[in-house]
Protein chains: 2
Amino acid sequence: MKTVTEKGEILKLSTKGRYGLRALIDLAQHSDEGPVSIVSISERQEISERYLEQLVSLLKKAGLVRSVRGAGGGYMLAKKMEDISVGDILRALEGSLKPVECAGLEPDGSCAASESCVTKYVWQRINESIARTVDEIYLDQLVEESRKMNPEGTNTEQRGCRN
Amino acid sequence: MKTVTEKGEILKLSTKGRYGLRALIDLAQHSDEGPVSIVSISERQEISERYLEQLVSLLKKAGLVRSVRGAGGGYMLAKKMEDISVGDILRALEGSLKPVECAGLEPDGSCAASESCVTKYVWQRINESIARTVDEIYLDQLVEESRKMNPEGTNTEQRGCRN
DNA sequence: TCATTTCCTAGTTATTTACTAGGATTTCCT
DNA sequence: AGGAAATCCTAGTAAATAACTAGGAAATGA
């Protein structure tokens, strides 16, 4: 299942962020039925098992999910849905969300010209604006939204969606 | 002059956007002395001549600068500084600024699941927030800002800054 | 005519992305 | 005990992309 990443698009989220968010929403939606396995998410979302494994492991490392090993095991949310923001999720998956690093950090001597750096001003504002946006969307809102769109049973899910 | 792109940073602007914006600010600052040549920008900003050429050509294609060929030639702004937004500049250099494409477009049949696509909601909001931010910063503000920081003659410029 | 500039296209190298692969470990179930 | 079903962990790899480099044509002023 090779990904077709749109051409000419920069500043784009990688499949990690895109698949990972979808996976976590899926997990959240099925979290009342006990631990959710990679295989089941993989089937519903049509994302490679092995790759999903890695993404979920990032979410775990970030403390967003916890796992139960062994047969019948799987993953479950480590916090309440209303306490997990899209920012938490994307940062766990993508690293930082800053299009340009530097913007503020000098202690390590990263940018000597930082004093006279005009563009810094721009990168800072972009960073802040993205942060503000993703930090005010929470998982419970997305699950809610999703329930409204695909009311129980009408389970088309996001099959094959690359985003 | 190989670029050291910070690790672990995703959603990042490419050197096109970063160098290109710096170049255009430089150009704007020297635009009262007639056409500004690639060589001169290249020297001041320490960006490869050949590479800069390509970046500036993108800015030209987008109608932000115009050129004078031949000896003594160079580039000059095609519009007033207050009519060129950072959004115009970055879009000219980077293509679109949407971290995730799809978010809204179906006519061409891009995303079949779009109806039931929850994450679309997220990508849309991120896209909008970036757009709003970059479209409200204008070139004249940056030039002004830069004048304040590096008052005439104190020309440290952004030498060697990778952003 | 010659130096200086933009213009245009193609080639190249290094990095990064998006996976795939293999196998160890844990746990439940019979 | 033993096997199936899971997570866990590390490494490898092919394709795509980014970041340049290279070569030369065309225009223009001195």
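Chain letters run A, B, ... following the sequence lines, proteins first, then strands; residues in each count from 1.
Each of Arg50(A) and Gly73(A) was assigned the nucleotide of DNA chain D with the nearest heavy atom; the assignment lying further toward the 5' end belongs to Gly73(A).
Atom-to-atom, CD of Glu43(B) to P of dT5(C) comes out at 10 Å; the value is rounded to the nearest Å. A straight line from CD1 of Ile41(A) to P of dA5(D) spans 18 Å, rounded to a whole angstrom. Distance CD (Glu49(B)) to P (dT5(C)): 9 Å, rounded to an integer number of Å. Between Tyr19(B) atom OH and dA19(D) atom C1' the separation is 8 Å, expressed in whole Å. The interatomic distance linking Ile47(A) (CD1) with dT20(C) (C1') rounds to 16 Å, in whole Å. The CE atom of Met76(B) sits 15 Å away from the P atom of dT5(C) (whole-angstrom rounding). Protein atom OH of Tyr51(A) is 16 Å distant from nucleotide atom C1' of dT10(D), rounded to whole Å. For the pair Lys16(B) NZ and dT17(D) P, the interatomic distance rounds to 11 Å; values are reported in whole Å.
Between the side chains of Ser42(A) and Tyr51(A), not a single donor N or O lies within less than 3.5 Å of an accepting N or O. With no hydrogens or angles considered, no side-chain donor-acceptor pair links Ser85(B) and Glu136(B) at under 3.5 Å.
Looking at Arg44(A) and Ile41(A), their side chains come closer than 4.5 Å, going by heavy atoms from C-beta outward. Side-chain contact between Asp135(B) and Val86(B): absent, with no pair of heavy atoms (C-beta onward) separated by less than 4.5 Å. Between Met76(B) and Ser31(B) there is no side-chain heavy-atom pair separated by less than 4.5 Å.
Shortest non-hydrogen contact noted between Ser129(B) and Ser129(A) is OG-OG, 3.0 Å. Between Val143(A) and Ala28(A) the shortest heavy-atom distance is CG2-CB, 3.7 Å. The shortest non-hydrogen separation linking Ile84(A) to Leu64(A) is CD1-O, 4.0 Å. When all heavy atoms of Asp83(B) and Asp88(B) are compared, the closest pair comes out as O-OD2, 3.8 Å.
In this model, the phosphate group of dA19(D) is approached by a side-chain N or O of Thr15(B) to a distance below 4.0 Å at OP1 or OP2. For dT16(C), the OP1/OP2 oxygens have no side-chain nitrogen or oxygen of Ser14(A) closer than 4.0 Å. Phosphate contact (OP1/OP2 of dT21(D), side-chain N/O of Ser48(B), threshold under 4.0 Å): present.
Put simply, CD on Gln45(A) and OH on Tyr19(A) are 11.0 Å apart, with the number rounded to the nearest 0.5 Å.
Where the helix from dT1(C)-dA30(D) to dT30(C)-dA1(D) starts and where it ends, the local axes point in directions that differ by 0°; five pairs per end, rounded to 10°.
The side chain of Ile38(A) lies closest to dT7(D) when the candidates are dT7(D), dT20(C), dA19(D).
Linking ILVMFWY side-chain heavy atoms closer than 4.5 Å, directly or via other members, places Leu27(B) and Val68(B) in two distinct hydrophobic clusters.
Taking every heavy atom of residues 52-60 of chain B and every atom of DNA chain D, pairs under 4.0 Å involve Gln54(B), by number.
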| said: Generate the contact string for nucleotides 25-30 of chain C. Rules: B means base contact, S means sugar-phosphate contact only, - means no protein heavy atom under 4.0 Å. | reply: BBBS--

| Can you list the steps and then say if Ser146(B) with Gln29(B) is a side chain to side chain donor-acceptor pair (under 3.5 Å)? | CA-CA 9 Å; Ser146(B) 172; Gln29(B) 284 176 316; 2.6 Å; yes

